[in-house]
Amino acid sequence: MLLLGIETSCDETAAAVVRDGTEILSNVISSQVDFHKKYGGVVPEIASRMHQEKIIPVIKEALERANVTLGDIQGIGVTQGPGLIGSLLVGINTAKAIAWARQLPLVGVNHLEGHILSCFFENNVPLPIISLVVSGGHTNLYLINAIGNYKLLGKTLDDAAGEAYDKVAKLLGLGYPGGVVIDRLAKGGNSSAIPFPRPMVSEASYNFSFSGLKTAVMYYVKKRGDMTYSEQELSDIAASFQEAVVDILVQKTLKAAHEYNAKAVAVAGGVAANSRLREAMQQEAERCGIPAYFPSLILCTDNAAMIAKATEHRISQVAAFPYNMNARSRWPL
Ligand SMILES: Nc1ncnc2c1ncn2[C@@H]1O[C@H](COP(=O)(O)OP(=O)(O)OP(=O)(O)O)[C@@H](O)[C@H]1O
Ligand SMILES: [Mg+2]
């Protein structure tokens, strides 16, 4: 089945054409990050207006790159939530218009299911797995016994891991978004230079907390006073902060894998692009005798191929045209 995926939940306008839920024929992502940079974060009003400008050209490009026309498309999947309402509505209304005009089945997809399934494109993932979705808005741990059956084991009680990266980067004057910059800086740093805390790491629950860690970095910076850092000092702070985040994520994920006899762990979402997380999770999972799967970098970030993949296994359940489909800013999976 040839499906068109559409994703506009935050600040990426994305469209993709995927065959049979496995073969990505095109995966076009137009990022607005440069427009939001000067504000230090995503501005919802700007994001929705930019989606409005980009959505048709991005869909057109996805069809062209896949070498297909709208006439070849057999169904559409669009991110229905969670995300920014104004942003989601642009994708939903465009998807509705195309589906209505072409009389195609339309599926409203949960963005988090998209992230989870992004691991399944390039890997033959055995079930059950423990899936860690770690992004700008979420840090969720799921037990997955079957595709479509997601049991939430734990989540962050405050900041998401990606949010902590972005806030710490801001504190250090490194700009927005912070994840990539901290990842790069940390490579030259000593990760045990500063003993930042690992909140909730040894608690029995699978919940996370990153706001205390961010505050610990803030106190460290305040105590030091002078905001002029040498490159080495910055790298040490970045590496020490990152090691704390990675430690927490790896320990909780593998503890869950052990408790639920998972055959593998899979990590997805923007922070899954982090080089230290990829390395540490692989190493520790190997030590536990199970594989750790990560999507390639282009599938970690928000994209529409993952939305088309999630559509594939839900499309047979579509009964009537969902004319009343609405955006959902919050939508637990
Ligand atoms: N290499 C990296 N290391 C750490 N964090 C990273 C890296 N690359 C990106 N990030 C972080 O990933 C986050 C963006 O991820 P993503 O686009 O999946 O989030 P989102 O879509 O805004 O949130 P959600 O998926 O929860 O709705 C940002 O916080 C960014 O700093
Ligand atoms: Mg996302």
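Predicted model only: the values in this text are computed from it and were never measured. Remember, it's 1-based here, ligands and their atoms both numbered in the order they're listed. Basis for what follows: all heavy atoms, side chains included, without hydrogens, waters or symmetry-related copies.
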J.: Does any donor atom in the side chain of Gln251 or Thr253 lie under 3.5 Å from an acceptor atom in the other side chain?
T.: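 Checked: Gln251/Thr253 side chains show no N/O donor-acceptor pair below 3.5 Å.
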J.: Please table the atom pairs, donor to acceptor, closer than 3.5 Å between any side-chain atom in residues 299-311 and protein atoms at least two apart or in another chain.
T.:
residue : atom : partner : partner atom : Å
Asp302  : OD1  : His111  : NE2          : 3.1
Asp302  : OD1  : His115  : NE2          : 3.1
Asn303  : OD1  : Ala305  : N            : 3.1
Asn303  : OD1  : Met306  : N            : 2.9
Asn303  : ND2  : Leu299  : O            : 3.2
Asn303  : ND2  : Thr301  : O            : 2.9
Lys309  : NZ   : Gly21   : O            : 2.5
Thr311  : OG1  : Ile307  : O            : 2.6

J.: Between Glu163 and His138, does any side-chain donor sit less than 3.5 Å from a side-chain acceptor?
T.: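 Judged by distance alone, the side chains do not pair up.
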J.: Give, rounded to 10 degrees, the angle between NE2 (His111) and NE2 (His115) as seen from the Mg ion (ligand 2).
T.: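 For NE2 of His111 and NE2 of His115, the angle centred on the Mg ion (ligand 2) reads 80°.
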J.: When you check the gap from the basic side-chain N to the acidic O, do Arg49 and Glu53 get nearer than 4.0 Å?
T.: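 Salt bridge between Arg49 and Glu53, a charged N being under 4.0 Å from a carboxylate O: no.
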J.: What N/O/S atom of Asp302 is the closest to the Mg ion (ligand 2)?
T.: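 This turns out to be OD1.
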J.: When the ring centroid of Tyr165 is compared with that of Phe241, is the distance short of 6.0 Å?
T.: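 Under 6.0 Å, so yes.
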J.: Quick one: pull up CG in Asp11 and CZ in Phe35 and give me the separation to the nearest 0.5 Å.
T.: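 Spacing of CG (Asp11) from CZ (Phe35) equals 11.5 Å.
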J.: Could you pull out the N/O contacts under 3.5 angstrom between ligand 1 and the surrounding protein atoms?
T.:
residue  : atom   : partner : partner atom : Å
ligand 1 : 1 (N)  : Asp183  : OD2          : 2.9
ligand 1 : 3 (N)  : Gly179  : O            : 3.4
ligand 1 : 3 (N)  : Asn274  : ND2          : 3.0
ligand 1 : 17 (O) : Asp302  : OD1          : 3.4
ligand 1 : 18 (O) : His115  : NE2          : 3.4
ligand 1 : 18 (O) : Gly270  : N            : 3.1
ligand 1 : 18 (O) : Asp302  : OD1          : 3.3
ligand 1 : 19 (O) : Gly136  : N            : 3.0
ligand 1 : 21 (O) : Asp302  : OD1          : 2.9
ligand 1 : 21 (O) : Asp302  : OD2          : 2.6
ligand 1 : 23 (O) : Gly137  : N            : 3.2
ligand 1 : 25 (O) : His111  : NE2          : 3.1
ligand 1 : 25 (O) : His115  : NE2          : 3.1
ligand 1 : 25 (O) : Ser135  : OG           : 3.3
ligand 1 : 26 (O) : Ser135  : OG           : 2.5
ligand 1 : 26 (O) : Gly137  : N            : 3.0
ligand 1 : 26 (O) : His138  : N            : 3.2
ligand 1 : 26 (O) : His138  : ND1          : 2.6
ligand 1 : 29 (O) : Gly162  : O            : 3.1
ligand 1 : 29 (O) : Asp166  : OD2          : 2.8
ligand 1 : 31 (O) : Asp166  : OD1          : 2.7
ligand 1 : 31 (O) : Gly179  : N            : 3.1

J.: May I ask you to test the Glu243-Ser192 pair for a side-chain heavy-atom distance under 4.5 Å?
T.: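 No. Closest side-chain heavy atoms not under 4.5 Å.
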